[in-house]
There are 2 protein chains.
Amino acid sequence: MSSSSSGDRHDTTPPAAGVLAHRVPDLGALELLLAVARLGSLGRAARELGISQPAASSRVRSMERHLGLALVDRSPRGSRLTDTGQLVADWARKVVEAAAAFEAGTRALKDRRDSRLRVAASMTIAEYLLPGWLIALSERRPGTAVSLHAGNSAEVARRVRSGEADLGFVEGLSVPEGLDSAVVAHDLLLVVVAPGHPWARRRRPVTGEELASTPLILREEGSGTRQVLEEALGGVARPLIELSSTTAVKTAAVGGAGPAVVSELAVAEEVAARRLVPVGLDAGVRLRRDLRAVWPGGHRPVGPARELLSLTRV
Amino acid sequence: MSSSSSGDRHDTTPPAAGVLAHRVPDLGALELLLAVARLGSLGRAARELGISQPAASSRVRSMERHLGLALVDRSPRGSRLTDTGQLVADWARKVVEAAAAFEAGTRALKDRRDSRLRVAASMTIAEYLLPGWLIALSERRPGTAVSLHAGNSAEVARRVRSGEADLGFVEGLSVPEGLDSAVVAHDLLLVVVAPGHPWARRRRPVTGEELASTPLILREEGSGTRQVLEEALGGVARPLIELSSTTAVKTAAVGGAGPAVVSELAVAEEVAARRLVPVGLDAGVRLRRDLRAVWPGGHRPVGPARELLSLTRV
DNA sequence: TGAGGGCATAAGCTGAGGTTATGAGCAGCT
DNA sequence: AGCTGCTCATAACCTCAGCTTATGCCCTCA
């Protein structure tokens with residue numbers, strides 16, 4: 001019926017502004033494309049994904065029709081990606097990798113009890129680093145069930161002390177009392193501006209005083225990044241806007257609202273694509289802090305905890 | 001039938017090793033979650049995505065059931081994400097952003113003719129940078145149809161000269177004859193190793209001679225990165241393995257096969273997550289090259305080309 | 001020339017996700 | 001108090017994308 005009459009309701013509201021779902025093949029199709037690229041045959045790819053060959057064939061075909069692009073060169077001896085297909089597959093790989101991180105993260109959040117490895121981590125680490133570590137861990141030790149609790153540093157420390165967590169990750173300035181620790185990474189805060197901002201072209205480094213006197217886009221008081229910033233400035237920062245999520249801060253900065261202070265982990269992509277430009281800072285401004293793994297004092301972690309620790313760049 | 005008897009065929013081959021599609025909500029659900037986070041209400045999110053409120057409600061619910069996580073706090077006055085939901089939404093955002101890049105890229109590949117802006121770009125740029133630029137462009141000038149042709153530098157130059165492309169992006173060492181150009185970014189090649197590799201802990205910078213005498217994981221002869229490397233080494237490089245895609249090179253390096261040479265654009269994520277470690281190089285080794293926009297000599301680009309150029313960090 | 005791997009087509013089934021219609025909780029105004 | 005307006009949930013129904021099996025054709029290689 002929707003096809004008959006006059007295509008009312010749904011069609012009058014055209015597929016909505018930013019609805020990617022209808023323009024991007026679903027994850028299964030993207031995985032299939034990658035499998036074809038890797039294995040050189042639709043049939044083998046189908047087998048790997050546990051579907052029948054005709055299903056794979058039709059799915060690839062419909063993806064090609066959908067995108068309006070020839071992705072696969074079929075021959076009686078197998079299938080290879082076209083040049084276009086290679087490029088599309090590279091873009092697809094990014095989506096699939098993000099999906100893998102999503103899966104690793106959400107699965108760890110769910111597996112609360114009965115896991116062999118219980119991890120507690122602060123937000124920044126949980127958000128940006130842990131999924132990758134978990135993927136690496138599951139490749140090295142398949143089947144290790146990991147649970148994740150995300151919270152602030154005090155909460156992480158408490159869980160590790162009480163034995164509710166086997167391993168913790170914190171981004172505080174100091175090591176929590178009574179816990180052993182190892183630095184696993186550094187969190188370098190960047191001052192970033194949109195490419196159009198005056199600071200983007202500036203040669204002379206920005207000094208601490210300037211930073212302290214310039215209204216900045218910041219996370220709310222009490223957040224980890226805010227603490228590090230104020231510590232480095234030796235006083236309070238002047239907020240232009242206070243936002244409650246790193247994402248909101250990035251969005252405001254990209255929009256040109258002003259200079260923002262964020263972890264390099266959070267803006268790696270934006271910086272690489274030049275949507276944001278890091279501002280040179282005076283050597284006196286120390287916006288670096290350690291990201292540390294922590295565990296109960298005395299004995300080094302063993303078993304899966306040790307394994308995970310070794311992945312995080314000892 | 002498949003449910004009766006003994007759960008044969010499909011169930012014996014358990015959902016296949018790395019099939020994410022069944023474990024990760026589809027793009028529509030992720031977009032919906034982000035919309036709920038942004039708008040604070042299931043109903044409003046539904047409207048934005050052009051679906052009914054019950055559809056949104058049930059979809060979020062089934063996503064929560066699927067993940068085994070409570071994502072949304074529903075109240076008679078609206079819905080907000082739970083803490084867990086925030087974290088999950090952050091992971092979801094990465095997937096959606098990758099999907100947006102996919103969409104922007106594939107759409108440009110398709111819109112061959114009749115576009116207002118025809119771009120030709122070398123692979124590295126097309127793969128890593130252009131999708132982001134296209135997204136930014138479409139935000140600033142909605143509705144600008146862009147077409148993309150990806151090829152090597154000579155091909156890009158030819159298209160720009162012949163008028164088949166309005167704007168080109170090349171990564172060659174020199175500016176093609178008869179074209180004006182502007183540097184839009186730099187492509188810094190990195191030597192990367194897996195965290196376990198001896199070079200990962202090494203303090204002393206690696207010299208050009210060392211690099212030249214060490215077997216490296218490389219792209220095939222003739223590739224852009226290979227050219228730059230050999231230019232910098234003043235001779236030929238010694239390949240440990242030659243691979244035909246940047247992705248394959250990365251995979252081999254992550255697996256610990258040896259040192260690899262790749263663009264920083266290609267490994268930003270791996271480096272951030274410490275799956276790969278960049279090796280310090282002697283100051284004498286120049287592995288940087290310019291990424292340039294090029295256009296027909298004489299007149300600066302106007303219209304959409306000018307707009308795109310201005311996005312690429314003037 | 002027959003065997004085997006690779007892809008395409010055909011016909012039929014299932015379920016996820018969509019719709020409309022309706023109910024019920026809570027806030028705030030009149 | 002009660003009305004209005006917003007929220008979300010439930011119910012019954014529909015559609016189509018994507019899966020399956022069965023089959024055929026094409027090409028290569030022994």
Side-chain angles (χ1 to χ4, degrees), chain A residues 1-5 7-13 15-16 19 21-33 35-36 39-66 70-81, chain B residues 1-5 7-13 15-16 19 21-33 35-36 39-66 70-81:
Chain A
M1 11 145 111
S2 75
S3 65
S4 65
S5 54
D8 36 281
R9 76 139 189 269
H10 216 147
D11 317 14
T12 52
T13 308
V19 179
H22 303 292
R23 308 182 209 248
V24 177
D26 64 47
L27 275 171
L30 300 183
E31 285 187 280
L32 176 58
L33 181 66
V36 171
L39 302 173
S41 140
L42 287 173
R44 270 197 290 277
R47 233 168 295 139
E48 174 167 281
L49 299 193
I51 62 178
S52 66
Q53 171 267 316
S57 180
S58 104
R59 205 158 184 195
V60 168
R61 185 172 294 287
S62 89
M63 174 163 50
E64 289 180 305
R65 190 161 27 81
H66 196 81
L71 303 175
V72 174
D73 256 345
R74 298 147 176 85
S75 88
R77 307 211 315 284
S79 297
R80 299 182 47 71
L81 297 199
Chain B
M1 21 167 213
S2 74
S3 64
S4 66
S5 55
D8 38 279
R9 73 129 194 268
H10 217 149
D11 316 15
T12 51
T13 308
V19 179
H22 303 292
R23 309 182 209 247
V24 177
D26 65 45
L27 274 172
L30 300 183
E31 285 189 279
L32 177 57
L33 181 67
V36 171
L39 301 172
S41 142
L42 288 173
R44 269 197 291 278
R47 234 168 296 140
E48 175 169 279
L49 299 193
I51 61 177
S52 67
Q53 171 267 318
S57 181
S58 103
R59 203 158 187 197
V60 169
R61 186 172 294 287
S62 88
M63 173 164 49
E64 288 180 306
R65 188 161 28 80
H66 197 81
L71 303 175
V72 174
D73 257 344
R74 298 147 176 85
S75 91
R77 304 210 317 283
S79 296
R80 299 181 48 71
L81 297 198

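Here is how names work: the chains are called A, B, and so on, in the same order as the sequence lines, proteins then strands, and each is numbered from 1. Everything numeric here is computed off the predicted structure, so don't read it as measured data.
OP1 or OP2 of D:dT20 sits under 4.0 Å from a side-chain N or O of A:S52. Look at B:R59 and you'll find a side-chain N or O under 4.0 angstrom from OP1 or OP2 of C:dG18.
If you take NE2 of A:H66 and P of D:dC16, they are 16 Å apart, rounded to a whole angstrom. A:L27 has its CG atom 16 Å from the C1' atom of C:dA16, to the nearest Å. When the P atom of D:dC19 is taken as reference, atom CD of A:E31 falls 12 Å away, rounded to whole Å. Going from atom NE2 of A:H22 over to atom P of C:dG17 covers 12 Å, rounded to whole Å. To the nearest angstrom, C1' of D:dG18 lies 12 Å from CZ of A:R65. With rounding to whole Å, B:M63 atom CE is found 14 Å from C:dA16 atom C1'. Distance B:L39 CG to D:dC6 P: 16 Å, rounded to the nearest Å. Note: CD (B:E64) to P (C:dG17) measures 14 Å, nearest angstrom.
If you check every strand for non-hydrogen atoms under 4.0 Å, A:D26 touches sugar and phosphate atoms only.
Rounding to the nearest 0.5 angstrom, the gap separating the CZ atom in B:R47 from the CG atom in B:L39 is 9.0 Å.
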Pair A:L33, A:M63 - check side chain to side chain contact (heavy atoms under 4.5 Å, CB included), show working.
CA-CA 9 Å; A:L33 181 66; A:M63 174 163 50; 3.9 Å; yes
I would like to know whether B:L32 and B:L49 meet side chain to side chain contact (heavy atoms under 4.5 Å, CB included); could you show each step before the answer?
CA-CA 7 Å; B:L32 177 57; B:L49 299 193; 3.8 Å; yes
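Formation of a donor-acceptor pair under 3.5 Å by the B:E48 side chain with backbone atoms of B:A35 is not found in this model.
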Please tabulate the protein-to-nucleotide N/O contacts below 3.5 Å involving nucleotides 3-9 of chain C, giving atom names and distances.
| unit_1 | atom_1 | unit_2 | atom_2 | d |
| --- | --- | --- | --- | --- |
| C:dG6 | OP1 | A:R44 | NH1 | 2.8 |
| C:dG6 | O4' | A:P76 | O | 3.1 |
| C:dC7 | OP1 | A:L42 | N | 3.0 |
| C:dC7 | OP1 | A:S79 | OG | 2.6 |
| C:dC7 | OP2 | A:L42 | N | 3.3 |
| C:dC7 | OP2 | A:G43 | N | 2.9 |
| C:dA8 | OP1 | A:R61 | NH2 | 2.3 |
| C:dA8 | OP1 | A:R74 | NE | 2.8 |
| C:dA8 | OP2 | A:S57 | OG | 2.3 |
| C:dA8 | N7 | A:Q53 | NE2 | 3.1 |
| C:dA8 | N6 | A:Q53 | OE1 | 3.2 |

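Using a 4.5 Å heavy-atom threshold, the side chains of B:L81 and B:D73 count as separate.
In this structure, the salt bridge (charged side-chain N to carboxylate O under 4.0 Å, His left out) partners of A:R74, at least two apart in sequence or on a different chain, are A:E64.
Every pair passing side chain to side chain donor-acceptor pair (under 3.5 Å) that includes a residue from residues 50-62 of chain A is listed here, sequence neighbours excluded: A:D26-A:R59.
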